[in-house]
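The structure under discussion appears below in the form of structure tokens.
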Number of protein chains: 2
Amino acid sequence: MEASSDHEDNLKRDRGIRNFVTAEDVARLAGVSRSAVSRTFTPGASVSADVRLRVQEAAKTLGYRVNRLARSLISDQSNLVGVVGANLSLPFMARQLDELSRALLRRGMQCLLLNAAEAEQGITPLIELILEFRVRAIVVMSGSPPSSIIDDCVANGVRVILVNRQADDAETDTIISDDLGGARLAAGRLLQAGCRRIGVVGSGARTPTQLRRRVAFAECIEEAGIEPVVWASGETTYETGIEAAEGLLASHDLDGVFCVTDLLALGFLDGARRMGRRVPDDLSVIGFDDIPQSAWVPYHLTTVRQSMSDLTEAVLTAIEREMHGKDMDLVHEVLPVELVERATVRPTA
Amino acid sequence: MEASSDHEDNLKRDRGIRNFVTAEDVARLAGVSRSAVSRTFTPGASVSADVRLRVQEAAKTLGYRVNRLARSLISDQSNLVGVVGANLSLPFMARQLDELSRALLRRGMQCLLLNAAEAEQGITPLIELILEFRVRAIVVMSGSPPSSIIDDCVANGVRVILVNRQADDAETDTIISDDLGGARLAAGRLLQAGCRRIGVVGSGARTPTQLRRRVAFAECIEEAGIEPVVWASGETTYETGIEAAEGLLASHDLDGVFCVTDLLALGFLDGARRMGRRVPDDLSVIGFDDIPQSAWVPYHLTTVRQSMSDLTEAVLTAIEREMHGKDMDLVHEVLPVELVERATVRPTA
DNA sequence: GCAACCCTTGCACACGTGTGCAAACTTCAT
DNA sequence: ATGAAGTTTGCACACGTGTGCAAGGGTTGC
């Protein structure tokens, strides 16, 4: 019995399942101590040129890489950053993730991506999972974390950074684009173009971002004495935009519409055309986000742009801010937006 | 001196930098041994109901999570999967990543995402980085890994899975969609529609996928005795598609075009219209990938679809295939494609 | 009442790495 | 030649976890 077990053990050590090369292996081949190997791969450690060379050579032939897991075990820092997102294929989210993952890598951090799409019971289990990896911070771009799990993160010294999300009463950094300002810009522009029969298009999703944009826009319009028509159902997709146009324009002869998302706006434009409306002559449309497709020829959508690089930079600032125990100073940034004038709003008279 | 150091040490242990809760802390609070804590969080381990409850309670109040790094140190398996990708904001890539990250999570694996966008010296350093995390496998969706680094991966028992990429002579799994078949479908359809003055549009990128599609298409067309006009410069973007249309159609009166990517095709459509061509009456266009935007109203692009779910499933199959030392059986899958008929090719006469 | 058995629990070792400390070695000035 | 000063190296401990092993305690069957 033991003999068989021993044999198996040897096999394992030789070429079996456990075949990651360790510093021990390298040390043996190079004829030095394991410490020497460790120091070779630790910047600023004291090793003679001779030993360093021999170690590097041995490491190369064996294909050795430092085990980050073991290294992180000591420093309690994995330079991993957890990212929670959903609907990664939506243009705006995709750009956000693209920029963020690039910036993280540039700063020497890695990106642990968890897709929240199938999280029926909220994103709490996802955050718990991320926490197990001793991440440096958690960036939440989708879903709304309950404050209980956020407290756990803080208790473990992990910052939670919400991007275009909000959690009340919790110790999180929050970075949101200026939805209110953007909605006001849109409202102002439509009124300035002389629109009097105005609509707002959102989806059925009740995200804080959507609500803020819709409510702020409605308020501005109401101040001008106009009661806006509202559409708020379906998913946040191009197809919903079409449906909104067909549903709204069948019963209302609108001359100005604000869509809380560019994707909705593009669908709305196509739907409106199908309903026989000419843009911008009969109908002005404004979107929000400035996704790449909005600049495409058939659309030339006038929209509110949030600067992607500002957003990314703010996230990185939050991540890199030191934690001073419990009394950490949180980042609460509201990023400015601007109106990008293209061709879907009637020029000012 | 020592007193001060000790003091500092105590501070650290109390609430300082090292503030991750450990199993030791939980054990102390619950009045049991650390082993009991460990077993409580290990499925199938033997713990009495009483102890388990006390431990769970203590863990809850302290906000304890198992340290995955330490756990992985023993089993040499982190259930992490490294993913290398670039241009995550491009629709096709974004969908791929969305599906993959979702599928990974569903199977209990996590996704370590590295953005290869800024990798001037190739993706070798990125793969080295991933390797340090003892990942279960590496999925490469962008860039071409030299076989030297792949050998290192295999030496460490890590599978490398190339998606729509190719590496010669290396022990990788490769999953590619049937570019040749797709190009043939496109060529056949254009010829069937009676096109005689035919063009191929690619970008300046010399990826294997692009080359295969272009060459295979050209061969088919030449078999019919037609010499296709080729465009091959710029980035793989919508804007390049427009440029291609303006450049090509100014000097050639084409009546059929195959774009190796939907994004190029959409740009080409808009460019062609701007040049006064009517689609499909004057000009037929076929794309490749079937990204969501291709179904949008202004385009209704006829295109070659690769099944995203097939692709994801193939990747997961490869990841989950056991490694039997060196003699692993590799996955080499060519995924079928189909022609999606929409409205940019003249109906068959 | 006693033995046999099962369940629970703690001890101690292992995983692969970084690093303080002291020993060994080298260099240099006297 | 000798001591001082600096550099290099190995030992041993720490990080937080899983788990084999043996000891302890409880239950069952006779």
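Residue numbers begin at 1 in each chain, while the letters A, B, ... track the order of the sequences.
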Side chain to side chain, A:T22 and A:R34, heavy atoms closer than 4.5 Å: no
Measure CD/A:E24 against P/C:dC15 and give the value in whole Å, please. 9 Å
Atom-to-atom span, CD1 of B:I74 to C1' of C:dC15 - whole angstrom: 6 Å
By the definition side chain to side chain contact (heavy atoms under 4.5 Å, CB included), identify the one residue from A:L112, A:L97, A:L100, A:L105 that meets it with B:L113. A:L97
Using only heavy-atom distances, decide whether a donor-acceptor pair under 3.5 angstrom links the side-chain of A:R39 to the base of D:dG10. yes
Ignoring hydrogens and angles, are the base of C:dG16 and the side chain of A:R65 linked by a donor-acceptor pair under 3.5 Å? no
Donor-acceptor pair present, A:R68 side chain and C:dG16 base, under 3.5 Å: no
Length of the CZ-P vector between A:R34 and C:dT19, whole Å: 12 Å
For C:dG18, take OP1 and OP2 only and decide whether either is under 4.0 Å from a side-chain N or O of A:S38. yes
Has the side chain of B:S33 got a donor or acceptor atom sitting under 3.5 Å from an opposite partner on the base of C:dC11? no
Counting the atoms with a prime plus P, OP1 and OP2 as sugar-phosphate, which does B:F41 contact under 4.0 Å by heavy atoms, base, sugar-phosphate, or nothing? nothing
In whole angstrom, what separates B:N67's CG from D:dA14's P? 18 Å
Heavy atoms from C-beta onward define the side chain here; which of D:dG10, C:dT17, D:dT17 lies closest to that of A:V66? C:dT17
Quiz question: going by heavy-atom distance under 3.5 Å, is there a donor-acceptor pair between the base of C:dG16 and the side chain of B:R134? no
Less than 6.0 angstrom separating the ring centers of A:Y64 and A:F41, yes or no? yes
Could you check how far CZ of B:R54 sits from P of C:dT8, rounded to whole Å? 14 Å
Under 4.0 Å, counting only non-hydrogen atoms across every strand here, what does B:V37 touch: a base, just sugar-phosphate, or nothing? nothing
5'-most by nearest nucleotide on DNA chain D - A:A49 or A:S35: A:A49
Of the listed nucleotides (C:dT17, C:dT8, D:dG10), which one gets closest to any side-chain atom of A:A23? C:dT17
Nearest whole angstrom, please: distance from the P of C:dT19 to the CG of A:L73. 13 Å
Which whole-number value in Å describes the distance from B:D25 CG to D:dC15 P? 11 Å
Please assess A:L114 against A:V83 for the test side-chain contact (heavy atoms from CB on, under 4.5 Å), listing each intermediate value before the final yes or no. CA-CA 6 Å; A:L114 295 222; A:V83 176; over 6 Å; no
Basic-acidic side-chain contact under 4.0 Å: A:R95, A:D98: no
Student check: side-chain heavy atoms of B:L80 and B:M109 closer than 4.5 Å: no
Please work out if B:T22 contacts a base, only the sugar-phosphate, or nothing of the nucleic acid, heavy-atom cut-off 4.0 Å. sugar-phosphate
Determine the contact category for A:T42: base if any of its heavy atoms lies under 4.0 Å from a base atom, sugar-phosphate if only primed atoms, P, OP1 or OP2 are that close, otherwise nothing. sugar-phosphate
Is there a donor on the side chain of B:S48 or the base of C:dC7 sitting less than 3.5 Å from an acceptor on the other? no
Rounded distance (Å) that lies between atom C1' of C:dT17 and atom CG of A:L69: 10 Å
